[in-house]
Amino acid sequence: MALRFFNTLTQELEVFHPQKDNTVRMYTCGPTVYNYVHIGNFRTFTFQDILRRWLRYRGYKLDHVMNVTDVDDKIIANAAKAQKSLADYTREFTKAFFEDAAALRLEKPEHVAPATEHIPEMVEAIQKLAAKNYTYTNDGSTYFRIGSFSQYGKLSHNDFAGIRSGARVDVDEYDKADARDFVLWKGRKGNEPFWTTPFGDGRPGWHIECSAMAMSYLGETLDIHAGGVDLIFPHHENEIAQSESITGKPFARFWLHSEHLHIESQKMSKSLGNFYTLRDLLEMGYQPEVIRYLLASVPYRKKLNFTFDGLKAAAKSIERLRDFELRAASAKLPPGRNEAVSERSAAAIRQFEEALDDDLNTAEALAAVFEYVRAINSALDEQQFQEENRWDAARVLEVFDGLFDVLKPGPSTAAAANGMPSDSEIASYIEERQQAKKSRDFARADQIRALLDSKGILLEDTKEGVRWKRK
RNA sequence: GGCGCGGUAGCCAAGUGGUAAGGCAGAGGUCUGCAAAACCUUUAUUCGGCGGUUCGAUCCCGCCCCGCGCCUCCA
């Protein structure tokens with residue numbers, strides 16, 4: 001079966017191909033850098049990372065733009081409170097965001113686009129809209145006239161006919177002619193940062209950022225536009241209105257939206273105060289790859305309830321896969337190659353691929369891997385897994401880890417390794433213990449075991465010999 | 001009020017018109033000098049409730065109950 005995604009625009013599962021060049025032109029909404037982002041935000045970014053990796057696995061090249069919103073009301077307020085310039089303030093949290101993303105092993109998009117570095121593109125976009133009479137100004141601010149875009153609501157599948165002008169309060173204190181209208185350019189106020197343009201001093205509205213930057217990097221029609229479900233309305237709806245009013249062409253072919261991370265059955269959000277940042281969890285001692293696994297393991301269109309039990313289960317799941325990897329790589333094996341094992345390995349990869357092609361069903365993909373692990377463990381027990389089958393198992397794990405990326409120990413594990421004995425020291429301890437056991441000096445053998453244990457090294461006596469791993 | 005999503009074992013969770021993947025936890029076992037670790041086996045006559053369609057429904061339809069989201073900044 002071909003690669004399929006659920007398209008929010010059509011509400012259907014659709015076969016995906018990029019429009020040209022075998023290159024996927026993709027835009028995703030990135031962070032607003034007014035604070036540390038929380039792990040709910042990172043669920044979406046992890047989904048986007050899985051999407052990137054799977055598209056590449058399927059042979060596509062990527063041209064992916066992610067914006068960084070580095071000017072908006074909250075940022076201005078927080079920077080003022082911290083008595084820092086906008087640039088200094090956002091630099092700090094932009095840096096923190098990419099550090100966190102790297103810890104979660106999220107690939108960096110081909111282009112990272114800070115809003116403040118693309119003001120000319122936004123000005124140009126607004127001028128094009130003005131030339132077509134899609135805008136009006138009021139008290140120094142420029143607005144988009146929603147009444148002039150007949151398809152408004154097609155993404156969020158809302159019928160806006162019933163909403164009357166003035167039905168809602170203008171929360172951002174700008175005067176609008178119609179309740180649905182949104183601001184393209186906010187007029188200069190007080191000491192706020194501003195840019196000078198033909199239509200007045202001020203700063204960009206949020207929605208125009210994404211339209212202008214997406215089209216300047218990727219052209220008039222994107223292959224994929226992705227983000228969290230809460231952006232469907234109004235943000236993405238507004239992006240469509242702006243972009244399609246300018247070009248007269250579809251803005252994005254596929255709209256992909258990831259569901260929220262919940263905590264105690266509620267949306268995790270800054271305003272509710274019920275959030276954890278990645279840094280919070282790392283300080284509690286959780287490994288970044290465990291968090292990555294948890295975020296990736298539930299299919300992206302399903303709400304994911306965050307719990308510490310879930311985090312512990314994720315850690316154990318990774319441990320099982322790592323144990324398997326170690327066993328398949330290090331066990332003493334009979335020579336030769338078992339054809340049945342090779343076939344079982346190929347089947348596992350096929351199942352894994354089919355699950356991901358089906359709108360990135362990561363849960364089903366994981367099931368394929370775990371079923372494979374059990375089958376091969378049994379084959380190992382029965383001496384059916386042979387020397388040349390090692391490559392088969394390695395290949396399955398390579399495909400798995402190319403997407404999930406959780407098998408290699410993270411940097412914090414490496415940090416804990418400081419003061420640990422080297423591999424060769426461990427090997428000589430193990431050898432000494434084996435000798436002691438052979439001469440039935442169990443006291444010495446147990447002493448060595450305890451010594452290594454105190455340094456974080458766990459010995460495993462198995463049928464295939466002695467293995468060790470870091471705790 | 002409008003629009004939408006979801007309710008599957010103790011927890012997380014996949015799935016299909018023909019009788020329930022996987023992970024964690026639990027139980028039993030294998031291995032072992034002992035132990036740990038690891039591995040294996042096992043764990044839902046049942047898929048929120050009530051009706052309907054069907055030879056047959058967890059999966060389709062209707063109603064109800066419960067949870068959640070969007071409609072305002074928000075991943």
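The sequence lines fix the lettering, A, B, ..., with proteins before strands; numbering per chain opens at 1.
- Put simply, CG on Asn361(A) is 15 Å from P on rA21(B), counting in whole angstrom units.
- For the P atoms, the distance from rG49(B) to rU8(B) is 10 Å, rounded to whole Å.
- Residue-level contact check: Thr32(A) touches the backbone only, with heavy atoms under 4.0 Å from sugar-phosphate atoms and none from bases.
- The distance from atom CG of Leu360(A) to atom P of rA14(B) is 14 Å, rounded to the nearest whole Å.
- Among the protein residues, Pro31(A) comes within range of no part of the nucleic acid, since none of its heavy atoms lies under 4.0 Å from any strand.
- Here the separation of rC34(B) from rA25(B), taken at their P atoms, is 25 Å to the nearest Å.
- When the salt bridge (Lys or Arg N to Asp or Glu O under 4.0 Å) test is applied to Asp441(A), no partner is found at least two apart in sequence or on another chain.
- Taking the six-membered ring for Trp and the full ring otherwise, Tyr57(A) and Phe352(A) have centroids separated by 6.0 Å or more.
- Every residue two or more places apart in sequence or in another chain that forms a salt bridge (Lys or Arg N to Asp or Glu O under 4.0 Å) with Lys437(A) is listed here: Asp461(A).
- At a threshold of 4.0 angstrom between heavy atoms, the contacts of Ile232(A) with the nucleic acid are absent.
- Scanning for ring-ring contact (aromatic ring centres under 6.0 Å, His included) contacts around His118(A) gives Tyr217(A), with sequence neighbours left out.
- Nucleic acid contact class of His38(A) (heavy atoms, under 4.0 Å, all strands): base.
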| query | Nucleotide by nucleotide, 5' to 3', does protein get under 4.0 Å of the base (B), only the sugar-phosphate (S), or neither (-) in nucleotides 2-11 of chain B, counting heavy atoms? | reply | -S-B-S----
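- Partners of His64(A) according to the side chain to side chain donor-acceptor pair (under 3.5 Å) rule, which considers only residues two or more places apart in sequence or in another chain, are Thr28(A), Arg52(A).
- Of all nucleotides present, none satisfies the Watson-Crick or G-U wobble test against rA44(B) with each distance under 3.5 Å.
- One can place CD of Glu354(A) at 18 Å from P of rA21(B), the figure rounded to the nearest angstrom.
- rA38(B) sits 45 Å from rC61(B) when the P atoms are compared, rounded to a whole Å.
- Applying the salt bridge (charged side-chain N to carboxylate O under 4.0 Å, His left out) test to every pair with at least one member in residues 3-15 of chain A, sequence neighbours left out, gives these pairs: Arg4(A)-Asp358(A).
- Within residues 374-383 of chain A, the residues approached by RNA chain B to less than 4.0 Å at the level of any non-hydrogen atom are Arg374(A), Asn377(A), Ser378(A), Asp381(A), in residue-number order.
- Residue contacts for Ala313(A): at a heavy-atom cut-off of 4.0 Å it reaches the sugar-phosphate backbone alone, with no base atom in range.
- For Arg320(A), taking side-chain heavy atoms from C-beta onward, the closest of the listed nucleotides rG15(B), rG23(B), rA75(B) is rG23(B).
- Between rG23(B) and rC60(B), the distance separating the two C1' atoms is 31 Å to the nearest Å.
- In this structure, Leu326(A) places its CG atom 16 Å from P of rA37(B), rounding to the nearest Å.
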| task | Start with the C-alpha distance between Arg449(A) and Asp446(A), add both sets of side-chain angles, then the distance that settles salt bridge (Lys or Arg N to Asp or Glu O under 4.0 Å), and finish with yes or no. | result | CA-CA 5 Å; Arg449(A) 185 165 70 196; Asp446(A) 289 350; 3.4 Å; yes
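- Rounded to a whole angstrom, the distance from the P atom of rG51(B) to that of rG15(B) is 28 Å.
- The distance from atom CG of Leu304(A) to atom C1' of rG69(B) is 15 Å, rounded to the nearest whole Å.
- A perpendicular orientation is assigned to the rings of Tyr152(A) and Phe149(A), their planes being inclined by more than 60° (bins at 30° and 60°).
- Comparing rG4(B) with rG62(B), their P atoms sit 12 Å apart, to the nearest whole Å.
- Across all strands shown, rU16(B) forms no Watson-Crick or G-U wobble pair with both distances under 3.5 Å.
- Residue contacts for His262(A): at a heavy-atom cut-off of 4.0 Å it reaches the sugar-phosphate backbone alone, with no base atom in range.
- Going from the C1' atom of rG6(B) to that of rG48(B) covers 11 Å, rounded to whole Å.
- Straight-line distance from the CZ atom of Phe352(A) to the P atom of rG22(B): 17 Å, rounded to whole Å.
- Pair assignment for rG10(B): rC24(B), on the basis of Watson-Crick or G-U wobble contacts that are both within less than 3.5 Å.
- Residues passing the ring-ring contact (aromatic ring centres under 6.0 Å, His included) test with His235(A), sequence neighbours excluded: Trp206(A), His207(A).
- Using the Watson-Crick or G-U wobble rule with both distances under 3.5 Å, rG1(B) pairs with rC71(B).
- Take the nearest nucleotide of RNA chain B for Val298(A) and for Gly40(A): the residue whose nucleotide is more 5' is Val298(A).
- Applying the salt bridge (Lys or Arg N to Asp or Glu O under 4.0 Å) test to Lys95(A) and every residue at least two apart in sequence or in another chain returns Glu99(A).
- By the 4.5 Å heavy-atom criterion applied to side chains, Pro299(A) and Glu259(A) are not counted as neighbours.
- Across the interface with RNA chain B, nearest-nucleotide mapping of Ala367(A) and Arg467(A) shows Ala367(A) to be the residue nearer the 5′ end.
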| field | Pair Phe308(A)-Tyr276(A), side chain to side chain contact (heavy atoms under 4.5 Å, CB included): steps then yes or no | value | CA-CA 11 Å; Phe308(A) 287 98; Tyr276(A) 291 97; 3.4 Å; yes
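- Side-chain atoms of Asp359(A) come within 3.5 Å of backbone atoms of Phe6(A) as a donor-acceptor pair (strictly under, hydrogens ignored).
- The side chain of Arg327(A) lies closest to rC39(B), out of rC12(B), rG15(B), rC39(B).
- With sequence neighbours excluded, no residue satisfies side chain to side chain donor-acceptor pair (under 3.5 Å) with Thr307(A).
- Rounded to whole Å, the P atom of rU43(B) lies 15 Å from the corresponding atom of rG28(B).
- Taking 3.5 Å as the limit, the base of rC73(B) and the side chain of Lys74(A) contain a donor-acceptor pair of atoms between them.
- When both distances must be under 3.5 Å, the Watson-Crick or G-U wobble mate of rU30(B) is rA38(B).
- The distance between atom NE2 of His235(A) and atom P of rA75(B), rounded to the nearest whole Å, is 9 Å.
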Any protein N or O atoms within reach of nucleotides 32-35 of chain B? Criterion: under 3.5 Å, listing atom names and distances.
{"unit_1": "rG33(B)", "atom_1": "O6", "unit_2": "Asp446(A)", "atom_2": "OD1", "d": "3.4"}
{"unit_1": "rG33(B)", "atom_1": "N1", "unit_2": "Asp446(A)", "atom_2": "OD1", "d": "2.9"}
{"unit_1": "rG33(B)", "atom_1": "N2", "unit_2": "Asp446(A)", "atom_2": "OD2", "d": "3.0"}
{"unit_1": "rC34(B)", "atom_1": "O2", "unit_2": "Arg449(A)", "atom_2": "NH2", "d": "3.4"}
{"unit_1": "rC34(B)", "atom_1": "N3", "unit_2": "Arg449(A)", "atom_2": "NH1", "d": "3.1"}
{"unit_1": "rC34(B)", "atom_1": "N3", "unit_2": "Arg449(A)", "atom_2": "NH2", "d": "3.3"}
{"unit_1": "rC34(B)", "atom_1": "N4", "unit_2": "Arg449(A)", "atom_2": "NH1", "d": "3.1"}
{"unit_1": "rA35(B)", "atom_1": "N6", "unit_2": "Asp461(A)", "atom_2": "OD2", "d": "2.6"}
{"unit_1": "rA35(B)", "atom_1": "N1", "unit_2": "Arg449(A)", "atom_2": "NH1", "d": "3.0"}
{"unit_1": "rA35(B)", "atom_1": "N3", "unit_2": "Arg449(A)", "atom_2": "NH1", "d": "3.0"}

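- Partners of Asp280(A) under the salt bridge (Lys or Arg N to Asp or Glu O under 4.0 Å) rule, at least two apart in sequence or in another chain, do not exist in this structure.
- Distance, Phe42(A) CZ to rA75(B) C1': 11 Å, rounded to whole Å.
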